[in-house]
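For ligands, and for the atoms within them, numbers begin at 1 and follow the listed sequence. Please read these numbers as outputs of a predicted model, since none were measured by experiment.
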Amino acid sequence: MDLVHDVVIVGSGPAGYTAAIYAARAEMKPILYEGSVTAGGALMNTTDVENFPGFPEGVMGPDLMDSLRKQAEKFGTKLVTDDIVEMKLDGEIKTLVDGSGNTLKAKSVILAMGSAYKEIGLANEKRLSGRGVSWCATCDGFFFREKELAVVGGGDSAMEEANFLTRFASKVVVIHRRAELRASKIMIERAMANPKIEFIWNTEVTDVLGAEKVSGLALKNLVTGETSEKNFDGLFVAIGHLPRSELVVGQVKLDGEGYVEVVSRSTNTNLKGVFACGDLVDHTYRQAITAAGSGCQAALDAERFLAGH
Ligand code: NAP
């Protein structure tokens, strides 16, 4: 007879790894699919994390994820660096297929696929992606020494990207569609105090210019309607994230924005034995610590569910 696992965890950010730590310590022998290219999740692309409790000096995002991964492994989680490409989640036994064609069966599944970078949606943004357009300052900032860069967005991500890019760039211009930033006070103060950072307000990017690589941006002032073109060597897009729920569309209940719906104060989805946590369910807080907390809840919910069956 096929082996039926107690729990398979899909996704490896703070939510997935924390769920694995709890599930492994509860002797549920979790299998965790980390993703083939996205292992570790969004924190792999950050530098200093200053607000994760327990690290008064801050911790590098990739180091934090490596520690969580090791902790999950130490208690017996089986880590698989591959994607789940198909899931059948209704019924008592869930079926999952991975990128190598293996089929797994499980009594419960924890969804922790996180979120992906949001795009502006311009044809030339896509065409020039990797040729001056980037979503990750820590990955690509190094290539822009003494260059002039634009960052689009007004949240914490945009402030963080802009600050980080000033290590390399000669100038960083934050372009925001309103006159007020959404970012937290401390991040705004840091960006405003940085002499290499300038702001363009009430403005949207209407096109990315350049034949082989980015040479500039077409802009539109949303208050006056005035259009202009400005030279830039690169564009960093930091306008938020979209939940990575595409694999479960049509199975698990999603809200209007594509986040997985969970029953209040739990990680229960509409399907029995299927739990969801982290950025996949959360459009409010989306912090490493809240994702880790909900990963813990998902493992406890799965444990109780299995105990009841
Ligand atoms: P966010 O808070 O949702 O901010 C997205 C920003 O992009 C907003 O300013 C928004 O403008 C703008 N935007 C959205 N769609 C746009 C579009 N199509 N064109 C132009 N601009 C657009 O996203 P985030 O900055 O990625 O942050 C997500 C969460 O992670 C937040 O909870 C944040 O606190 C957290 N985070 C924390 C840290 C940290 O503490 N170190 C670092 C990064 C992120 P409007 O303001 O007009 O809506």
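- No part of Glu180 comes within 4.0 Å of ligand 1, judged by heavy-atom distances.
- Atoms of ligand 1 found under 4.0 Å from any heavy atom of Gly154, numbered from 1 in the order shown, are 6 (C), 7 (O), 8 (C), 9 (O).
- Counting atoms of ligand 1 from 1 in the listed order, those under 4.0 Å from a heavy atom of Arg178 are 45 (P), 46 (O), 47 (O).
- Phe236 and Phe144 have perpendicular rings, their planes meeting at more than 60° on a 0 to 90° scale where under 30° would count as parallel.
- For Thr269 (side chain) and Val274 (main-chain N/O), a donor-acceptor pair under 3.5 Å exists by modelled atom type.
- Near Asn51, the atoms of ligand 1 lying under 4.0 angstrom from a non-hydrogen atom of the residue are 39 (C), 40 (O).
- In the candidate list Thr284, Ile239, Thr203, Thr290, Ile239 is nearest to atom 5 (C) of ligand 1, counting heavy atoms.
- Remark: among candidates Asp156, Val152, Asp282, Asp48, the nearest residue to atom 33 (C) of ligand 1 is Asp156, based on non-hydrogen atoms.
- Contact annotation: Glu204 has no heavy atom less than 4.0 Å from any atom of ligand 1.
- Under 4.0 angstrom from ligand 1, there are no non-hydrogen atoms of Glu50.
- Each of the atoms 32 (O) of ligand 1 lies under 4.0 Å from some heavy atom of Tyr285.
- For atom 19 (N) of ligand 1, the closest heavy atom belonging to the protein is Arg177 NH1, 4.0 Å.
- With a 4.0 Å heavy-atom cut-off, ligand 1 is reached by no atom of Val205.
- Heavy-atom contacts of Lys118 reach the following atoms of ligand 1: 14 (C), 15 (N) (cutoff under 4.0 Å).
- Using a distance-only test at 3.5 Å, with no hydrogens or angles considered, no donor-acceptor pair links the side chain of Asn124 to the main chain of Leu209.
- Compare Gly58, Gly155, Ser157 by their heavy atoms: the one nearest to atom 27 (O) of ligand 1 is in Ser157.
- Using bins of under 30°, 30° to 60° and over 60° for the plane-to-plane angle, the ring pair Tyr259/His283 lands in the tilted bin.
- Between Phe164 and Phe168, the ring planes lie perpendicular to each other; the angle is over 60°, past the 30° to 60° tilted range.
- Residue nearest to atom 45 (P) of ligand 1, selected from Arg182, His283, Gln287: Arg182 (by heavy-atom distance).
- Numbered from 1 in the order shown, with element, the atoms of ligand 1 that lie under 4.0 Å from a heavy atom of His241 read 26 (O).
- At a 4.0 Å heavy-atom cut-off, ligand 1 touches Arg286 through backbone and side chain alike.
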